[in-house]
There are 2 protein chains.
Amino acid sequence: MARLKDVAQLAGVSTATVSNVLRGAKPATPAVERRVLAAAAELGYVPNPHAQSLRTGHSRALGLVVPDLTNPYFPALVQAIETTARALGYALIVMDAGNDGARDHESLALLATYRVAGVVWVPVDDRTTVDWPFPIVTVDRPLDGCDAVVADHAQGGALVAAHAIARGHRRVGLLSGPRALASAAARREGFLRAAAGTLEIAWEREVPFSSDLPPAAVERLAEPDCSLLVCANDAIAVGALRALRDAGARVPEDVSVIGFDDVPWAEFVEPALTTVRQPLAELGAGAVAMLHARIAGPGDARRFETHPVTLVARRSVADLHAAASATPPAGGQT
Amino acid sequence: MARLKDVAQLAGVSTATVSNVLRGAKPATPAVERRVLAAAAELGYVPNPHAQSLRTGHSRALGLVVPDLTNPYFPALVQAIETTARALGYALIVMDAGNDGARDHESLALLATYRVAGVVWVPVDDRTTVDWPFPIVTVDRPLDGCDAVVADHAQGGALVAAHAIARGHRRVGLLSGPRALASAAARREGFLRAAAGTLEIAWEREVPFSSDLPPAAVERLAEPDCSLLVCANDAIAVGALRALRDAGARVPEDVSVIGFDDVPWAEFVEPALTTVRQPLAELGAGAVAMLHARIAGPGDARRFETHPVTLVARRSVADLHAAASATPPAGGQT
DNA sequence: AAGCTGAGGTTAATCGTTTAACCGAACCTG
DNA sequence: CAGGTTCGGTTAAACGATTAACCTCAGCTT
């Protein structure tokens, strides 16, 4: 592989000049510049990133630490992050923390030894102090003192309430997520605020983010006693769908269900799930852009971005204004 | 951060000695060895990987190139690869080729500039010549001249046939995948061989790996004319489920469906899908182990590993031997 | 006792960049 | 025209490891 020295020799200048020209660090005579560029092109020169990193003390690599790749939330996020990182000239070192807080920090430590220029981090637990030799931006879990991009969960909750109201629902049941999680709390909060005065909360159960509903919730679902089930999560919604089916209730004819996240298979369950879509691609791209900016300006004020979510209406919530008796037309997706 | 030099100074020896001791390259006096280890521990010394790479010409990083992270097949694979790579002391640089052959090669080129020690590659198209400055092992798509791990698709096909026979099916319809893909061909082949003489192939349609079935296939499904639908893929199976539902057929009472892959939501569709599970974790771990071996022994013979698949029986295929009229018990998953 | 050997260290070159320090020529400028 | 500036370029010193070559000295052999 061609080295800087080879380019310099071919162009008949010193390595310093080549380096300066190639990086646009110092201006050079047009003639010299042309010769250098030509030589570099001819040799197919590509700088050795390790030499660069050694010299400058930082690499053109970014780290990404996620709690668990098999969580359906992440692949789209990772993809967006990788794509925009690459477009900005960074390589991406990915680490999976296996939902383990200790491994989370171990990963950051490892990234530190690699002198990455920055890290995109989705922490497994919300509150952990941070003190690392690189800038960090977190996704979806704000940590004090470091940049963050988040989806607007509260707005999502409001969207759900609005949709319910628009479709003529009055009494709803709530399967809310772990109150301890900021995102779950925000969804609930946003929903409640927008529902206030219009929607009646028949009952509420706090359940984990999982399709395996606790028995208490399953029992409750045997006699729903409401026209709409608001779930904090698509996983929960799928669990609800299953429980309702087992109880002999038809969705959405007897009771409607709405989820949150728009996991990849939300459209494949029966009936296709109405849910709130998180802007994963935007979140990922935004995080990398923010990190890039922070690398350029370490001293700037803390950055914080919140991205709007959208509701995607499918078949799982009935329109009570439409002929109340008729079955909604099949295949009515999107 | 502590450098080799600092350790040497603290231990009262030369940097060469420290380097040798730490890597176990050359034996040293027990006393010296102890001093060095103590010093390194005290300073929390971690070698600078860029300096190492610069000097040795290769890094302790592996590359991973996949066609498309949002394909449900990959997250579990990537996770296994990352985990075992990390256990072996490698960092993992992940690249998404966006299902684009050109980008695929571009990614490899980029990895070359990073002097990765090796690459795990899932090529977007099967036949591409390979000539790179690092060892490669491919997953699921063997390329001549480079190591590979693959799932035993033919065996999977045989498993499907055996299951069909065991459950009393006689006439089956085939929704086979793109014949051009080696994996699809192997599945079909394995199935046909095991079915020969026992199962009657009522009809066959070649369709792409997608839930959006071509009209021709949908039409065929309106009048299935068989007791079991063998799908080359879970995506296809989901499409079939949808088409059958639209046609008013009940699964599995009227017709059974079987898939392949065991995507994460195979258990969430209605009815839960019987399918063949690919050993993603084993495939990933195997690939990295193989790559590691190849890095150690560049001259060794070509390696090729095939991993067995397993059938996971859920509700979507009926047992014709059981009371033919009765509905299978609900909730009978696993 | 002279000479060889080998074990255990050290010295210094090297990997491919970046960048501070320097240098000469050309270009004002008063 | 003598004396700054600028401009465009070079030289050489890092960065932090690895490793070939060399050195020293204790222990053996004859």
Side-chain angles (χ1 to χ4, degrees), chain A residues 1-40 43-61 89 91 112-117 133-134 295, chain B residues 1-37 39-40 43-61 89 91 110 112-117 133-134 295:
Chain A
M1 278 206 161
R3 299 150 313 178
L4 194 55
K5 196 197 294 185
D6 303 325
V7 179
Q9 192 170 342
L10 181 56
V13 296
S14 73
T15 63
T17 301
V18 175
S19 175
N20 285 326
V21 166
L22 258 28
R23 290 174 308 133
K26 261 188 174 181
T29 308
V32 168
E33 186 163 330
R34 202 171 40 243
R35 288 217 313 282
V36 169
L37 261 23
L43 297 178
Y45 170 73
V46 179
N48 181 320
H50 296 115
Q52 288 185 134
S53 301
L54 178 56
R55 181 59 231 245
T56 63
H58 57 255
S59 69
R60 269 196 91 66
T113 80
Y114 274 91
R115 269 65 169 186
V116 292
F134 40 67
I295 289 167
Chain B
M1 281 209 157
R3 299 151 310 176
L4 193 56
K5 197 196 296 185
D6 303 325
V7 178
Q9 193 169 346
L10 180 56
V13 296
S14 74
T15 63
T17 301
V18 176
S19 175
N20 285 326
V21 166
L22 257 28
R23 291 173 309 134
K26 262 189 176 181
T29 306
V32 168
E33 185 163 330
R34 202 170 41 245
R35 288 216 314 280
V36 168
L37 261 23
L43 297 178
Y45 170 73
V46 178
N48 181 320
H50 295 116
Q52 289 185 133
S53 302
L54 178 56
R55 182 60 233 247
T56 64
H58 56 256
S59 70
R60 270 195 90 67
L110 244 165
T113 80
Y114 274 89
R115 269 62 170 187
V116 292
F134 39 66
I295 290 166

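Computed from heavy atoms alone, side chains included, the values below leave out hydrogens, waters and symmetry copies.
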TODO: Take the protein atom NZ of B/Lys5 and the nucleotide atom P of D/dA14, then report the distance between them rounded to whole Å.
DONE: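 Distance, rounded to whole Å: 9 Å.
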Task: Rounded distance (Å) that lies between atom P of D/dC7 and atom CD of A/Glu33 - done: 16 Å
- [ ] May I have the distance from A/Leu4 (atom CG) to C/dT19 (atom P), rounded to whole angstrom?
- [x]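 Whole-Å distance recorded here is 12 Å.
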Task: For A/Ala40 against A/Val7, the heavy-atom pair lying closest together - done: N-CG1, 3.8 Å
Look for any protein N or O under 3.5 Å of an N or O in nucleotides 6-8 of chain C and output each such pair with its distance, or none.
unit_1	atom_1	unit_2	atom_2	d
C/dG8	O3'	B/Thr29	OG1	3.3

Open item on the list: What is the distance, to the nearest angstrom, from the CZ atom on B/Arg115 to the C1' atom on D/dT18?
Closed with: 17 Å
Open item on the list: Quick check against the 3.5 Å criterion: does B/Ser19 have a side-chain atom that pairs as donor or acceptor with the backbone of B/Thr15?
Closed with: no
- [ ] Can you tell me the distance, in whole Å, between the CG atom of A/Leu54 and the P atom of D/dA17?
- [x]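 One finds 9 Å between P of D/dA17 and CG of A/Leu54, rounded.
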TODO: Of all the heavy-atom pairs spanning B/Arg115 and B/Gly57, show the shortest one and how long it is.
DONE: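 Minimum heavy-atom contact is CG-O, 3.6 Å.
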Open item on the list: Please report the distance, rounded to the nearest Å, between NE2 in B/His50 and P in D/dT18.
Closed with: 14 Å
TODO: May I ask you to verify if any side-chain N or O of B/Gln52 is less than 4.0 angstrom from the OP1 or OP2 atom of D/dG16?
DONE: no
- [ ] Give the rounded distance in Å between these two atoms: CD of A/Gln9 and P of D/dT10.
- [x] 13 Å
Please write out the pairs of protein N or O atoms and N or O atoms of nucleotides 24-28 of chain D separated by less than 3.5 Å, giving the distance to one decimal.
none

Hey, can you pull the donor-acceptor pairs under 3.5 Å for the side chains in residues 43-50 of chain B, sequence neighbours left out?
unit_1	atom_1	unit_2	atom_2	d
B/Asn48	OD1	B/His50	N	2.8
B/Asn48	OD1	B/Ala51	N	3.2

Task: Within residues 1-27 of chain A or reaching into it, pairs that qualify as salt bridge (charged side-chain N to carboxylate O under 4.0 Å, His left out) - sequence neighbours excluded - done: A/Arg3-A/Asp6
TODO: Check A/Gly89 against A/Arg60 and note the closest heavy-atom contact, atom names and distance.
DONE: O-NE, 3.4 Å
TODO: Look at the side-chain N and O atoms of B/Arg55 and state whether any lies under 4.0 Å from the OP1 or OP2 oxygen of C/dC15.
DONE: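 No, outside the criterion.
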TODO: Can you tell me the distance, in whole Å, between the OH atom of A/Tyr45 and the C1' atom of C/dT17?
DONE: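 It is 7 Å, rounded to the nearest whole Å.
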TODO: For DNA chain D, find the residues of residues 14-24 of chain A with a heavy-atom distance under 4.0 Å and give them by number; none if there aren't any.
DONE: A/Ser14, A/Ala16, A/Thr17
Side chains of residues 28-37 of chain A: which donor-acceptor partners sit under 3.5 Å, not counting sequence neighbours?
unit_1	atom_1	unit_2	atom_2	d
A/Arg35	NE	A/Ala11	O	2.9
A/Arg35	NH2	A/Ala11	O	3.1

Open item on the list: Please find the pair of heavy atoms, one from B/Ser59 and one from B/Ala117, that lie closest to each other, and give the distance.
Closed with: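 Taking every non-hydrogen atom into account, O-CB, 3.2 Å.
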Open item on the list: What's the separation between atom CG in A/Leu22 and atom OG1 in A/Thr17, rounded to the nearest 0.5 Å?
Closed with: 11.0 Å
